[in-house]
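Small disclaimer: the values here were computed from a predicted structure and weren't measured.
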Amino acid sequence: GGLDVRTNDVHSADLGLPIYPGAVETGKHGDDSGSADIHVSFGEWSLHVKAIGYRSDDPEDKLVAFYKNAMAQYGDVLTCKDKTALGQPTKTSHGLTCANGHEYNVDVDLDAAKKRGNLSATQISGAIKLLAGSPENQHIVEFSPTSHGTKFSMVMVQLPHKNQTD
């Protein structure tokens, strides 16, 4: 078991999603990028999180529409705000809901991960969050409007199956 944290190694293709046209990776300083690949394991139990942050000059609604379409390859796409589904569907065919997207309370603070090599258990700050997949294999894109466009993060979370959490 152990903890493995890598920065600068994650690209949008690693998360199975395209980069929004014209988007620029956030957190890029010299050779550093705004990405993290975190793997935690204890025996058979494991948690794997890959994340990367971007910004775009376009408004949030354009990015939400783009990623709803891109995420459809993983099945139903939920649009969430404050743990509540906006519109339909309210649950994916694999059982993922806006509420259980927070069941494990995992959020990746990329800057903190790069500095300390750990996960932060803070709330997701994005105004709108898209979810696709299952509770154990989630694809997430979260959006935060800014005065100059939209910041967004793409996250892939592989959580232990329920029988692995005991």
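Looking only at distances, a side-chain donor or acceptor of T92 sits under 3.5 Å from a matching main-chain atom of G133. Of the possible polar contacts, one joining the T150 side chain to the E60 backbone as a donor-acceptor pair under 3.5 Å is found.
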Quiz item: Would T26 and F152 satisfy side chain to side chain contact (heavy atoms under 4.5 Å, CB included), going step by step from the backbone distance to the final call?
Solution: CA-CA 9 Å; T26 58; F152 64 102; over 6 Å; no
Exercise. Could you walk me through whether R55 and T146 pass side chain to side chain contact (heavy atoms under 4.5 Å, CB included), step by step?
Key: CA-CA 9 Å; R55 65 179 164 76; T146 68; over 6 Å; no
Self-check item: Verdict with supporting geometry, H139 and L15, side chain to side chain contact (heavy atoms under 4.5 Å, CB included)
Solution: CA-CA 8 Å; H139 293 270; L15 286 96; 5.5 Å; no
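Considering all non-hydrogen atoms of both residues, L130 and K68 come closest at CD1-N, 3.6 Å. V141 and M71 get closest at one heavy-atom pair: CG2-SD, 3.7 Å.
Residue K129 holds its NZ atom at 10.0 Å from CG of D82, rounded to the nearest 0.5 Å. With rounding to the nearest 0.5 Å, the separation of OG1 in T84 from CG in L78 is 11.5 Å. L17 CG to M156 CE: the interatomic distance, rounded to the nearest 0.5 Å, is 10.0 Å. From D76, atom CG reaches atom NE2 of H94 across 7.5 Å, with rounding to the nearest 0.5 Å. Atom OH of Y67 and atom OG1 of T79 lie 15.0 Å apart (nearest 0.5 Å). Distance check: L47 CG to Q158 CD gives 9.0 Å after rounding to the nearest 0.5 Å.
Judged as a side-chain hydrogen bond (donor to acceptor under 3.5 Å, both in side chains), and not counting sequence neighbours, Y74 has no contacts. Under the side-chain contact (heavy atoms from CB on, under 4.5 Å) criterion, D58 pairs with Y20, S56, K62, L63, not counting sequence neighbours.
For the disulfide bond (SG atoms under 2.5 Å apart) condition, the pairs that include at least one residue of residues 58-97, sequence neighbours left out, are C80-C98.
Looking at heavy atoms from C-beta onward, L96 lies in side-chain contact with P135 at the 4.5 angstrom threshold.
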